[in-house]
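Notes to accompany the following structure.
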2 protein chains.
Amino acid sequence: MVMTATPPYIQGVPGAGHMEAVRRGNLALVLGRIAETSPAGRRSRAQISALTGLTKASVSSLVLELISSGLVTEVGLNQQSRGRPGVELELNPNKAVLGAEINVDYLAVGVVSLAGTLLMHEVRERDNRPHGVERVMAALSQQCAVTAVAAEKEGIDVLGGGLAVPGLIDAAGQVVVSAPNLGWKNARPDLRVLLPGSPLGVVLCNEANAAALAEMDHQSDTDFMFVSGEVGVGGGLVVGRELFTGADGHAGEVGHVVVDPYGSDCLCGGRGCLETVAGQDAIADAAGLAGHPARSSRSLTLSVLLGLLKEGDARALSAVERAGFCLGLALASSARIVPFTSVVLGGHLAVLDPWLRISLMDSLQRYSAGRFPSGNVLVSALGSTGALLGAAGLALRWVLEAPHTLRR
Amino acid sequence: MVMTATPPYIQGVPGAGHMEAVRRGNLALVLGRIAETSPAGRRSRAQISALTGLTKASVSSLVLELISSGLVTEVGLNQQSRGRPGVELELNPNKAVLGAEINVDYLAVGVVSLAGTLLMHEVRERDNRPHGVERVMAALSQQCAVTAVAAEKEGIDVLGGGLAVPGLIDAAGQVVVSAPNLGWKNARPDLRVLLPGSPLGVVLCNEANAAALAEMDHQSDTDFMFVSGEVGVGGGLVVGRELFTGADGHAGEVGHVVVDPYGSDCLCGGRGCLETVAGQDAIADAAGLAGHPARSSRSLTLSVLLGLLKEGDARALSAVERAGFCLGLALASSARIVPFTSVVLGGHLAVLDPWLRISLMDSLQRYSAGRFPSGNVLVSALGSTGALLGAAGLALRWVLEAPHTLRR
DNA sequence: CCAAATAGTTTATGCTCTGAACTATAAGGA
DNA sequence: TCCTTATAGTTCAGAGCATAAACTATTTGG
């Protein structure tokens, strides 16, 4: 648990160990083996039996249950040198989960197959700051309904969903404790309205954590830090291929590691946090854009900044260089507390990577005593769909780790 | 040993979920409920049944097995208002585990009952630096043998043990990757020689981690950082009442969080690490003891430093104050990555607490935005027995979490 | 001394995995 | 073509474990 917060679907397990717990665990075990195969090399019952140590009889019975619950389908035959060919199994391509994201300037909804591929998605630009929780959720649920109908038309069944929000989520996954950029505080969105008829519910998660989770599927490393550059700097920590959220969901907040003890005050109440140097606003100000008209919009600000960097503007270059230096410092310190071995940059930090990288790598190497080869600092390939995919991924894990909840 | 919230009865399953896994898990579950009771309020089978949700029949059968394996004994009767009194259960007071510690200037061995109390212990002053692994282990095993005989004379049966070493242990718990203060590198001590005839083996662990584990039993908080002040500064991180070691055992190394980007080089290869300011050597040097004859011994250095502080020596006071400031800074940053809520000071940092505390609390508050009330920064009460108790505690957990390994 | 309450055990039953026998299907060789 | 060999998957009896309900044991209180 490493720590790891208990996922909500584990709560269905009562305190005592019934026999059924074994069944549930084995259902998830078998489903996991089916899920981790590529279309190229799908597995048969016999292979799963060999892989898990369960007898062929048990696997047959478990697979039967997974098929009848709709999660798994039989595809083709799998001929091994000689003998009767095995029946290839795969995750049902017609079952999916929904991923959704609320951000400052858009709402995004997508459908992700059980295998994790994004089947369809729609982003609606929209300034969400002036509206309260109810109005935003109403707009989002309307958008979800449209997407769900579109999915149904293609014969796709949506089992559950995940919602990513740029704010702090409580341990129970029900309350948005605070989302400063949205102006939310202790908001309790009604998640069921997003997917009224689905067999599973909708899980709520932090946007940086979701993005980190999505990044994991495109990443071989098992322990890494995802740094999400937004207005501030968010972090998502993955330890042993599991999201590490800590007891209260605050884990991995690299944006508030102190990089300059005598630096400026931070919105969090601290001082000299990384965010005060490497947040998008902080970089823009340091680059001399403080009074610039583009500052009203995030994307505008970023493009103006990029323009200056390409022109070779000294002030912009030095602002970004300093951000890189401090980011390296904060990451090196963080890696002593939770020893991750890779870093993935997202948001504006991904965009600014070409100008950040040298100073980032310099300080990261210097302060971590050379633990991070340059190849271990990566740029996110997912861009703006990261949070969406991650939120869906969380719902996906729910299905894959607790398939018994879909029993008929 | 990454923490995970797996349901208790799934633990220890080597891949597949056999039926026996349920039995194993429930044995541990019941044993845990017996272990967590105080002598004042011991539990009966009926109470455990109510607590766990297992039926009385199951609990009876499980308890029978625990009794026949020698881990549990029936004590007295437990009268509830009316009806037949329950039979009180407790951990067998005649079963124990051994705790051992190798440090720079002593060897320590102790016997700890299943309930966690230190029954006997012996510390032998001895400079271990000049000797290699084999010689030190030979001396330690001789000391263990003496202690084991003494325990046997009192009718106490030693089931297993733990060994704490001031160095980095590999993930498998077999190799001391490096113990700079002992001069060990990739040492592979033969652990079996410490307890040749015991039913369980001996586990190896890091000294700061062991001390953190021991501290946990005297602490209500579930998430805290133990800071061990030695020549350098070690850290042990406890998350959700579990030791958090990370994939490679490096987790919680607060001593190498960067507190001064332009500070001096650290032995670890980094720069400006907390250790270069708050390690015992660093404080002594900053206090002006660089050439002092007492510097040859750790305890001497510390007592000279204490003398200076009590005299009000300005240089010593400012050295310690700066250490406190930097410690607060490093802890505030660390708490953003893994959100612990308390801090326990050990080693020289515990001794220097009166002179450290003000600057420590000031910077901790400043940089953590007031997350740490003063009462959440504690001084270790265990002193030098911490590592011993923690090593034994690790062996104890082994017994308590896998009681089936002691089946007859 | 008996009723009510609580503790613990016995017994019949059901669930889930296992192991071995059995059926199904294919490749390769005579 | 047909038989042997190899592999996949199913069936069925049996063992282990937890459950529920009935039963025994022991105490308080009237």
Side-chain angles (χ1 to χ4, degrees), chain A residues 13-30 33-34 42-68 72 74-89 403-404 407, chain B residues 7-10 12-30 33-34 41-68 72 74-89 403-404 407:
Chain A
V13 181
H18 315 277
M19 311 270 22
E20 205 193 330
V22 174
R23 186 69 174 181
R24 290 207 280 252
N26 286 340
L27 275 173
L29 187 68
V30 169
R33 298 309 193 200
I34 296 173
R42 297 195 197 89
R43 288 178 180 144
S44 64
R45 291 168 176 78
Q47 287 171 318
I48 290 169
S49 161
L51 221 59
T52 57
L54 292 162
T55 59
K56 288 191 295 174
S58 301
V59 173
S60 267
S61 149
L62 290 160
V63 166
L64 187 67
E65 187 167 342
L66 290 172
I67 288 177
S68 78
V72 168
E74 297 182 327
V75 202
L77 295 182
N78 170 354
Q79 187 59 61
Q80 313 278 45
S81 62
R82 244 154 70 147
R84 172 176 166 180
V87 179
E88 292 187 329
L89 301 168
H404 64 275
R407 265 182 196 145
Chain B
Y9 31 83
I10 299 293
V13 184
H18 312 279
M19 307 268 39
E20 206 193 330
V22 175
R23 185 68 172 183
R24 288 207 284 254
N26 285 340
L27 276 173
L29 189 66
V30 168
R33 298 306 193 198
I34 296 173
R42 296 194 198 88
R43 287 177 181 147
S44 64
R45 291 168 175 80
Q47 286 171 317
I48 290 169
S49 161
L51 223 58
T52 57
L54 291 162
T55 59
K56 289 190 295 174
S58 301
V59 172
S60 268
S61 148
L62 291 160
V63 166
L64 187 68
E65 186 166 342
L66 290 172
I67 288 176
S68 77
V72 168
E74 296 182 327
V75 203
L77 295 181
N78 170 353
Q79 187 60 59
Q80 315 277 48
S81 63
R82 234 146 86 145
R84 171 175 167 181
V87 180
E88 292 187 328
L89 301 168
H404 63 276
R407 263 181 198 149

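Lettering of chains follows the sequences in order, A, B, ..., and the numbering in each one begins at 1. Model, not experiment: these values are computed from the prediction.
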Does B:N78 make a side-chain N or O approach to OP1 or OP2 of C:dA7 shorter than 4.0 Å? no
Can you confirm whether the side chains of A:S61 and A:R23 place a donor and an acceptor under 3.5 Å from each other? yes
If each of B:S58 and A:S61 is mapped to the nucleotide of DNA chain D with the nearest heavy atom, which maps nearer the 5' terminus, i.e. the 5' end? A:S61
Nearest-Å distance for atom pair CG/P, residues A:L29 and C:dT16: 16 Å
Under 4.0 Å, heavy atoms only, any strand: does A:S44 hit a base, just the sugar-phosphate, or nothing? sugar-phosphate
Sequence neighbours left out, what passes side-chain hydrogen bond (donor to acceptor under 3.5 Å, both in side chains) with B:S60? Give chain and number order. none
For the pair A:L62 and A:I48, evaluate side chain to side chain contact (heavy atoms under 4.5 Å, CB included) and give the outcome as yes or no after the intermediate values. CA-CA 11 Å; A:L62 290 160; A:I48 290 169; over 6 Å; no
Counting primed atoms, P, OP1 and OP2 as sugar-phosphate and everything else as base, the B/S/- map of nucleotides 21-30 of chain D against protein heavy atoms under 4.0 Å is ----BBBBS-
Rounded to whole angstrom units, what separation is found between the CG atom of A:L27 and the P atom of C:dC15? 15 Å
Assert: residue with more 5' nearest nucleotide on DNA chain C, out of B:E74 and A:T55, is B:E74
Calculate the interatomic distance between A:Q47 atom CD and D:dG9 atom P; express it in whole Å. 8 Å
So, using salt bridge (Lys or Arg N to Asp or Glu O under 4.0 Å) as the criterion, who are the partners of B:E88 when residues are at least two apart? B:R42
Take the protein atom CD1 of A:I67 and the nucleotide atom C1' of D:dT10, then report the distance between them rounded to whole Å. 14 Å
Please give, in whole Å, the distance from C:dA7 C1' to B:L89 CG? 12 Å
Base, sugar-phosphate or nothing for B:V59? Non-hydrogen atoms, less than 4.0 Å. nothing
For A:S58, which residues count as a side-chain hydrogen bond (donor to acceptor under 3.5 Å, both in side chains) partner, sequence neighbours excluded? A:T55
Would you kindly give the CZ-to-P distance between A:R45 and C:dT25, to the nearest whole Å? 14 Å
Partners of B:R33 by side-chain hydrogen bond (donor to acceptor under 3.5 Å, both in side chains), sequence neighbours excluded? B:E36
Write down the distance between CZ (B:R24) and C1' (D:dA18), rounded to a whole number of angstrom. 17 Å
Listing request: all salt bridge (Lys or Arg N to Asp or Glu O under 4.0 Å) pairs with a residue in residues 45-62 of chain A, at least two apart in sequence or in separate chains. A:R45-A:E74
Rounded to whole Å, please give me the gap between CD in B:E88 and P in C:dA7. 12 Å
May I ask you to verify if any side-chain N or O of A:R23 is less than 4.0 angstrom from the OP1 or OP2 atom of C:dC17? yes
Measuring to OP1 and OP2 of D:dC17, would you say a side-chain N or O of B:N26 lies under 4.0 angstrom away? no
